[in-house]
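Note: hydrogens, waters and symmetry copies are ignored here, and every other heavy atom, side chains too, is used. Worth saying up front: this structure is predicted, and the values here are computed from it rather than measured.
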Amino acid sequence: MIYALIVATASREGADDHDPRYGSIHMVNLIRDRWIPAIRKDRTEVCIAPWEVTRDHETNPVVHLRAPRADFNGALIQFLIGLMQTVIPPSTDRAWFKKFESPPDPDYLQGEFEKVAHAFEVDGDGARFMQDFDLAEGVETSIDHLLIEMPGKKTLEDNTDHFIKRDTVRQICPSCSAMALFTLQTNAPSGGSGHRTSLRGGGPLTTIVMGRTLWETVWLSVVPTDSFARYGNADLQGEADIFPWLAPTRTSESGGDTTPQDVNPAQMYWGMPRRVRLDCDGTTQGICDLCGCRSERLITSYRTKNLGVNYNGNWRHTLTAYSTNKTGDLLSQKGQPGGVSYRNWLGLVQNDAESKIEPAVVVHTFRYDRQPDLPEVPFRLWAFGYDMDNMKARCWYEGTMPLTRVDPIHRAEYEAVTAQLIRTASLVAFSTRTAIKKAIFSEKAEVRGDLSMIDARFWQDTEAEFYTTLHLLKDAIACGEDATAVKRRWLAVLGREAETLFEDFSQANLIGVADPKRIALARRDLRNFTSIRNKKIQKTLDIQPDNQPQR
């Protein structure tokens with residue numbers, strides 16, 4: 001597993017008797033209590049309630065989340081976005097811009113959020129946040145199994161928990177329990193017979209536009225009510241149509257599905273595929289194994305049962321990119337080996353016509369409807385998610401990409417050339433890996449093993465130059481210049497990186513081990529492929545060599 005694990009002690013700012021991170025004896029209400037770890041502009045570490053996201057916005061705003069785990073940060077930002085989208089959605093684009101420019105007062109947010117506070121209790125005899133309404137029976141499970149990467153039953157039986165060890169998480173505080181529960185429900189992978197995946201499938205890739213403050217980041221992912229209504233049945237206004245835990249679970253024991261037309265569109269943020277009930281009676285005192293804070297009521301176990309809500313049909317979550325298959329079904333994009341970098345630009349930032357992937361609704365809305373009228377500040381795309389292999393979490397990936405503002409009249413040309421640049425990089429990356437294999441292995445050798453580190457290095461080493469190239473492209477198009485010089489420069493960058501990787505991986509310097517002839521032929525092939533005279537390169541970049549006339 002690769003993910004950022006940050007264990008930090010919160011500042012005393014915002015701490016009171018209702019803050020579970022300082023030893024409170026009660027459980028958490030996720031609207032009223034201060035339980036969300038964050039960082040202000042001056043680097044002060046705080047815990048805030050959701051309605052405090054705009055506190056001191058003009059003087060010392062909250063800028064980032066600082067949960068004890070990277071996947072918790074991903075869950076918390078979606079929690080805040082979902083809360084804003086559900087409770088105070090803008091009625092129009094004009095209303096959206098007004099709140100972006102003048103964030104609502106914390107007192108206003110507190111009053112609005114209080115209307116749904118009863119749906120956000122972690123403990124109690126009645127409805128509990130993200131927990132089965134009346135789960136009277138189920139399998140008793142240790143609390144660590146709320147964490148997606150922890151070893152499952154078969155792994156433990158086979159004694160193969162080599163990297164993620166059992167019993168490393170035995171007890172967690174109420175606020176971390178809420179984070180873990182929401183993270184599981186939002187990303188739920190397949191979990192065995194009848195254990196349902198999340199509304200977007202197992203390990204969805206989430207994409208969010210990042211602003212300068214936490215408020216901006218949250219509000220940039222909220223869409224007007226008319227647009228949002230098309231992603232579900234907006235006529236269904238019952239509380240349980242939005243927050244499914246406020247009523248008996250729509251179980252799938254009889255094979256029933258829950259489609260977008262069966263619930264309010266806001267349920268995309270509050271989907272509850274897993275039947276879980278925290279054991280809030282058998283708690284203990286001590287230190288939380290995740291955040292390191294003391295609590296009087298550490299949770300050690302929960303009950304679970306299969307055949308929870310089975311989300312099916314063409315759900316389109318507004319934070320996720322989707323492709324369309326031959327029958328017109330929507331397929332959410334998932335985390336993939338290799339992580340997130342500019343190679344994912346097509347599909348995450350702009351449409352990928354070849355793969356038929358469309359960016360998330362919020363990304364498209366930002367780039368086409370909002371960015372042209374917003375200040376030219378360093379907005380970025382934040383993409384994150386688990387790379388799942390069925391029930392196994394292989395890795396947590398996240399990354400950011402700059403979202404440069406482009407004049408709408410130049411956007412079509414800019415995006416067309418950008419697609420050419422990325423597809424050329426893909427061709428060169430493949431050619432580099434192929435040449436290295438030819439240099440190391442004989443033609444008839446059966447090559448096994450993972451050479452993905454070559455691709456990963458290629459994309460990583462060329463990423464900074466890619467963004468430089470995009471700025472040069474934007475300037476060239478704005479000045480009415482031909483983009484050929486920019487394309488040639490980019491091809492030269494790719495060629496140099498290909499040569500560097502070949503020298504590093506081909507064993508060319510290992511005299512007595514390498515085959516000089518094989519290496520020389522492989523190097524020649526690589527240089528030919530990355531040359532501007534290569535027909536495939538010419539077609540992909542839409543350029544011609546110097547001795548041929550331009551079209």
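Under 4.0 Å is where a charged nitrogen must lie from a carboxylate oxygen, and between Glu216 and Lys99 no such pair does. Salt bridge status for Lys41 with Asp56: absent, with no side-chain N to carboxylate O gap under 4.0 Å. A salt bridge is defined here as a Lys NZ or Arg NE, NH1 or NH2 lying under 4.0 Å from an Asp or Glu carboxylate O, and Glu499 with Arg527 meets this definition. A salt bridge between Asp71 and Arg69 is present, with a side-chain N of the basic residue lying under 4.0 Å from a carboxylate O of the acidic one.
Thr432 contributes no side-chain N or O that, together with a main-chain N or O of Ala498, makes up a donor-acceptor pair within less than 3.5 Å. The backbone N or O of Arg533 lies less than 3.5 Å from a partner atom in the side chain of Ser531, making a donor-acceptor pair. For Asn264 (side chain) and Gln267 (main-chain N/O), no donor-acceptor pair under 3.5 Å exists by modelled atom type. Proximity of a side-chain donor or acceptor of Asn344 to a complementary backbone N or O of Ser341 within less than 3.5 Å is detected. Checked by atom type and distance alone, the side chain of Thr320 pairs as donor or acceptor with a backbone atom of Leu205 at under 3.5 Å. Here the side chain of Gln350 pairs no donor or acceptor atom with the backbone of Trp345 at under 3.5 angstrom. Using a distance-only test at 3.5 Å, with no hydrogens or angles considered, no donor-acceptor pair links the side chain of Asn351 to the main chain of Lys356. Of the possible polar contacts, none joining the Arg433 side chain to the Val428 backbone as a donor-acceptor pair under 3.5 Å is found. Put simply, the side chain of Ser431 never gets that close to the backbone of Leu427: no donor and acceptor are under 3.5 Å apart. Judged by distance alone, the side chain of Trp35 and the main-chain N or O of Cys47 form no donor-acceptor pair under 3.5 Å.
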Please test Asn187 against Ser198 for side-chain hydrogen bond (donor to acceptor under 3.5 Å, both in side chains), starting from the C-alpha separation and ending with a verdict. CA-CA 6 Å; Asn187 298 285; Ser198 80; over 6 Å; no
Checking side chain to side chain contact (heavy atoms under 4.5 Å, CB included) for the pair Leu65/Ile77: CA distance, chi angles, key distance, verdict? CA-CA 8 Å; Leu65 297 165; Ile77 194 66; 3.9 Å; yes
Dump the intermediate steps for salt bridge (Lys or Arg N to Asp or Glu O under 4.0 Å) on Glu45 and Arg40, then the final yes or no. CA-CA 7 Å; Glu45 298 178 350; Arg40 293 195 178 278; over 6 Å; no
Under the side chain to side chain contact (heavy atoms under 4.5 Å, CB included) rule, what do Tyr386 and Lys334 come out as? Steps first, then yes or no, please. CA-CA 8 Å; Tyr386 274 104; Lys334 308 294 196 305; over 6 Å; no
Salt bridge (Lys or Arg N to Asp or Glu O under 4.0 Å) between Glu376 and Lys474, worked out: CA-CA 14 Å; Glu376 193 162 0; Lys474 175 188 172 181; 3.2 Å; yes
Please walk me through it: do Phe466 and Trp490 pass ring-ring contact (aromatic ring centres under 6.0 Å, His included)? CA-CA 8 Å; Phe466 173 73; Trp490 177 239; 5.7 Å; yes
Report the C-alpha distance between Tyr108 and Thr54 in whole Å, list the side-chain angles of each, state the deciding distance to 0.1 Å, and finish with yes or no for side-chain hydrogen bond (donor to acceptor under 3.5 Å, both in side chains). CA-CA 10 Å; Tyr108 166 79; Thr54 59; over 6 Å; no
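Ring to ring, Tyr368 and His364 are close: their centroids are under 6.0 angstrom apart. The six-membered or imidazole ring of Trp51 lies away from that of Phe113, with a centre-to-centre distance of 6.0 Å or more. Ring centroid separation for the pair Tyr322 and Trp315 does not come in under the 6.0 Å cut-off. Phe379 has its ring centre less than 6.0 Å from the ring centre of Phe366. Checked against the 6.0 Å centroid criterion, the rings of Phe120 and Phe79 qualify as a close aromatic pair. Aromatic rings from Phe72 and Phe182 are positioned such that their centres are separated by 6.0 Å or more. For Phe100 and Trp215, the ring centers are positioned 6.0 Å apart or more.
Interatomic distance, Tyr414 OH to Arg411 CZ, rounded to the nearest 0.5 Å: 10.5 Å. Put simply, CZ on Arg274 and CG on Leu146 are 10.0 Å apart, with the number rounded to the nearest 0.5 Å.
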Going by atom type alone, with no hydrogens or angles, which donor-acceptor pairs under 3.5 Å involve a side-chain atom of residues 218-230 and a protein atom two or more places apart or on another chain?
{"unit_1": "Trp219", "atom_1": "NE1", "unit_2": "Trp96", "atom_2": "O", "d": "3.0"}
{"unit_1": "Arg230", "atom_1": "NE", "unit_2": "Ser227", "atom_2": "O", "d": "3.2"}

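The only member of Gln336, Lys392, Arg394 that meets side-chain hydrogen bond (donor to acceptor under 3.5 Å, both in side chains) when paired with Asp387 is Arg394. Applying side-chain hydrogen bond (donor to acceptor under 3.5 Å, both in side chains) to Tyr269 and the options Thr86, Thr186, Thr318 leaves one that passes, Thr318.
In this structure, Val340 and Met401 have side chains that are in contact, with non-hydrogen atoms separated by less than 4.5 Å. Counting heavy atoms from C-beta outward, Met210 and Pro402 have side chains that stay 4.5 Å or more apart. No side-chain heavy atom of Asn528 sits less than 4.5 Å from a side-chain heavy atom of Asn534. For the pair Ile39 and Thr44, the minimum side-chain heavy-atom distance is 4.5 Å or more. In this structure the side chain of Val363 never reaches within 4.5 angstrom of the side chain of Leu348, judged on heavy atoms. In this structure the side chain of Leu214 never reaches within 4.5 angstrom of the side chain of Val63, judged on heavy atoms. For the pair Ile208/Ile81, a side-chain contact is recorded, criterion being any heavy-atom separation below 4.5 Å from C-beta on. The shortest distance between side-chain heavy atoms of Pro68 and Met179 falls below 4.5 Å.
Residue pairs that meet the salt bridge (charged side-chain N to carboxylate O under 4.0 Å, His left out) test with at least one member in residues 346-355, sequence neighbours left out, are Asp352-Arg423, Glu354-Arg423.
Few gaps surround NE2 on His410; more than 12 heavy atoms of other groups in view lie less than 6.0 Å from it. The number of heavy-atom neighbours closer than 6.0 Å to NZ of Lys438, taken from other residues, nucleotides and ligands shown, is 12 or below.
No hydrogens or angles considered: a donor-acceptor pair under 3.5 Å links the side chains of Glu463 and Tyr467. Side-chain contact, Thr206 with Arg200: a donor N or O sits under 3.5 Å from an acceptor N or O. For His317 and Ser332, the side-chain atoms include no donor-acceptor pair closer than 3.5 Å. Residues Thr462 and Tyr342 have side chains that bring a donor and an acceptor to within less than 3.5 angstrom of each other.
Across Arg405 and Pro372, no two heavy atoms sit closer than the pair NH1-O, 3.7 Å. The shortest heavy-atom contact between Trp396 and Ala70 is NE1-CB, 3.4 Å. The two residues Leu76 and Ala67 come nearest to each other via the heavy atoms CD1-CB, 3.9 Å.
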